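Contents: one structure, followed by commentary.
Note that this is a predicted model, so its numbers are computed, not measured. Hydrogens, waters and symmetry mates play no part in the numbers below; they use all other heavy atoms, side chains included.
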Amino acid sequence: MGTLRWYRKNLQRRIALHRANGPLQDFLIAPFPGPYTLLQDVDLVAVDIETTGLNPRTDSILNIGMVTVKNGGIHLDTAWQEIIQITNTIPEATTVLHQITDDQAATVGKPLSEVLPLVLNRLKSAVLLAHHAHIEQSFLSIVCQRFYGAPLVIPTIDTMALMRRYYERINRPIHAHDLRLFNLRKRYNLPRYRAHNALNDAVATAELFLAIIADRGGTGYRLRDFC
Amino acid sequence: MEIELLEIRDFLAHHTPFGLLPSELLDTLPKFITIRYLRRGTGFPTPELQTPENTIIIVRSGVLELQDSQGNLDEKLGEGGIFPDLCSSNDNTAKPQIVRLGKVIEDTLLYLFSCKKFLELRHQIPEFNRYFSHAISEKLKQAIDNLHEACVMAVEVRELLKRPPVTITHTASIQEAAHLMTTHNVSSLMVLENEQLVGLLTDSDLRRRCLARGLSSQFPVQSIMSAAVETITAKTLLSTALMIMTRLHIHHLPVLEATKPIGMLTVSDIVTYQGANSAFLAVNIRKAATLDELVSSAKRLPELQMHLANSGASALHIGQIIAQITDSLTCRLLELAEQKFGAPPIPYVWVAAGSQARHEQTIVSDQDNAIILSDHLNGNHSDSSNSDYNLQSCSESYFIALSQFVNSGLNACGFPYCPGNTLAQNAKWRQPLRVWKQYFHDWIECLEPKALMLATIFFDLRPIYGGMELFNNLQQDVLAHSKRNSIFIAHIVGNALSHRPPLGFFRDFTLIHDGKHDDTLDLKHRGIVPITDLARIYALSTGISAVSTNERLYAAYQNGALSQEMADNLRDALELIASLRIRHQAQQIQKGSMADNYLPPAKLSTLERNHLKDAFKIIQTMQNVLADRYPLGRMVA
């Protein structure tokens, strides 16, 4: 698809680098992996965040989970998650969904200012992998802007977009729920997970990505085929 | 951090052998895993799986098929299946490891678990290690052992633990230990230090290390105990425990839960357990010379039923075994009675009725039995001489004594007198053949409600001991009669329809609320009886001589009264309900309470509840079919 898009992204990176400070500067200094890099040689970091709502300007991050996919495997020794301390109270509806309560977020949670450098460090020279990546991308970008003066620029693979394009290509009508992580996993005979937290969903997304790659023949793909 | 991969940790915990590992160790395992996905149709193992830092492979979801070197199907791995071939151990069992090849049958998610960590775990946790060394020897064993033995031995040690362990602290004196062993009547003690097991003291330790050496009995126990003992957990299989015992030449194995001692398994426990095996029991019964010996053998029947249920025997099979043992108990009692009261003055046959006759007995069944006497006595009415009168009164007192002896004997063996008093010692049910024929004639013709109740008992009749021709003569007469009389059949249909399965309008169970068995289902009267009733109706209406429900249903299919599907459905429903009952009773026996027929559905899994509802639904359907065929039956009901 997009070698051109790749160069544009690299350009954005260098522009952001001028304004960025702190950990974001360290992150943006590292060059992106090239578009022709073989997929198995890249660190793909599956990311999932749980938030209090959908608006990155007004809502906050509650929970962030990450795990690295490399060489065709999900390496659970890299699995990591943090609960984020928040100042405003959590809406009840989200509590039910994420099972994270005010108390938990206040006592177990860490301030975002402490967690964000760790997130950026893990994402350095890597590709962000997420389901409906727009959420992860925009929330992280807003907080980077807030803390470090520039947005987060990173190559991204979105499993949801991959599947939408696939369905469009085979002319399959798409219903809203078809593209949900849960239903796509079922399609690939992936097990059903009960727990709903950021790390679990990051692992679930990574598994879905492995299944999509396997479905397309497995080896030989380059980064530009998916970003 | 790791604990947040709870989903993966729990998956391991729910699958043997990882489930054998202590919980806090399990928490640390997910980080040793790499996840991979293989598409259906891929060859296995793929080159990417054969990395220099080897792994054992655990199937998370999907199916793999593995072939042996000849290309035959060797193993099928589903969820939780383990492929250890790529991780050869370098311990003493090292041998060139053959890596089996295979194919991915369904899209599969794999967990690759670090080989290094795996070998470390095997080294660290003996229970875990044994599973893998065991798995290999198990294959050999299976070839040698017969199925039955394997069946009995596939039982967890937990089942055999009867009492809490007898323990002593390591600083106690040898004399105190000997005293403790005597008062508890045990041959071994667990020696504890700070609640942790540090050694074992057995009879032979006392003999060899104390008495033989002239050691003072005031020395502490730890000076003569056997330290570094082999232990097992409650989850260990009996076969594994036995292997350890024979391998190490020991007779005692402490059973631990985490690090806490919970009991002691001894060789004699295992021998007794096997003694509960039906074959042993049958031999014991044949050899019993007195009533007391018979009673003590019969006391092991509940245990036998529980073990059979736990080792996965079908309810049909268990019913047959329990009925056979009741048969041999009855025969032995009759032999003893004939020894005691002399040879019978006239020929007779002892018949069993009800569930024993149908081979559907459980240990909570009442006894139902009767005697058919030969017509030989005053068979000729014209001649009633004095000597005949003497013979009659002598014969009467003989059979009173004999039937009382057998009935009370069976009662002592755990088969209570039935509430309806259908016992051979009841004069009404101890009659010559011609009176029996008249009874059946009246039941079939007169159609009184009480007669119908009796009919359901006495239409299931099986000869146990004595002159079989007496029984055959009666049965042929009855069947010929009943088959012709459709009004009688309509009436027993009506009677059968009064036992409806406990299924409400919206497929809910209708539970009992009588204050005694609240929130339970009466599996016997609402599940098993309706099916046996149906089978009996088909038997009587089409002249089937078989007595067991299963055989009756099969015969009804053979003679065209039932379609194969209907017959199979009813047999499956019976097996399901009967096996739920047997398991319920096994749990009650295990808890030490009285076994009964009342099952609380809350104890069932959702799947089992649905199966049970299906079974009840089948009964309902078949009852409706019957009601349509005999409209009169519905009116009577």
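Interface remark: B:Ile33 contributes backbone and side-chain atoms alike to the contact with chain A (heavy atom separation under 4.5 Å). With a threshold of 4.5 angstrom between heavy atoms, B:Arg36 approaches chain A through its backbone and through its side chain. Looking at B:Ile8, the atoms closer than 4.5 Å to chain A (heavy atoms on both sides) all sit in the side chain, from C-beta outward. Neither the backbone nor the side chain of A:Val69 comes within contact range of chain B, judged by heavy atoms closer than 4.5 Å. The contact between B:Tyr111 and chain A is made entirely by side chain atoms (from C-beta outward), counting heavy-atom distances below 4.5 Å.
A 6.0 Å sphere centred on CZ of A:Arg187 holds more than 12 heavy atoms belonging to other residues, nucleotides or ligands. Around atom NZ of B:Lys117, more than 12 heavy atoms belonging to other residues, nucleotides or ligands sit under 6.0 Å away. For A:Arg216, the CZ atom counts as densely surrounded, since its 6.0 Å shell holds more than 12 non-hydrogen atoms of other residues, nucleotides or ligands.
Of the possible polar contacts, none joining the A:Tyr188 side chain to the B:Arg39 backbone as a donor-acceptor pair under 3.5 Å is found. A donor-acceptor pair is defined here as one N or O able to donate and one able to accept, closer than 3.5 Å; such a pair exists between the side chain of A:Asn189 and the backbone of B:Asp107.
Rounded to the nearest 0.5 angstrom, B:Leu5 CG and A:Asn200 CG are separated by 7.0 Å. With values rounded to the nearest 0.5 angstrom, A:Leu210 atom CG is found 8.0 Å from B:Leu109 atom CG. From A:Thr78, atom OG1 reaches atom NZ of B:Lys31 across 12.5 Å, with rounding to the nearest 0.5 Å.
In terms of heavy-atom proximity, A:Ala214 sits nearest to B:Tyr37 at CB-CD2, 3.6 Å. The minimum heavy-atom distance linking B:Glu7 with A:Arg192 is given by the pair OE2-O, 4.4 Å.
Counting heavy atoms from C-beta on, the side chains of B:Thr34 and A:Leu76 never come closer than 4.5 Å.
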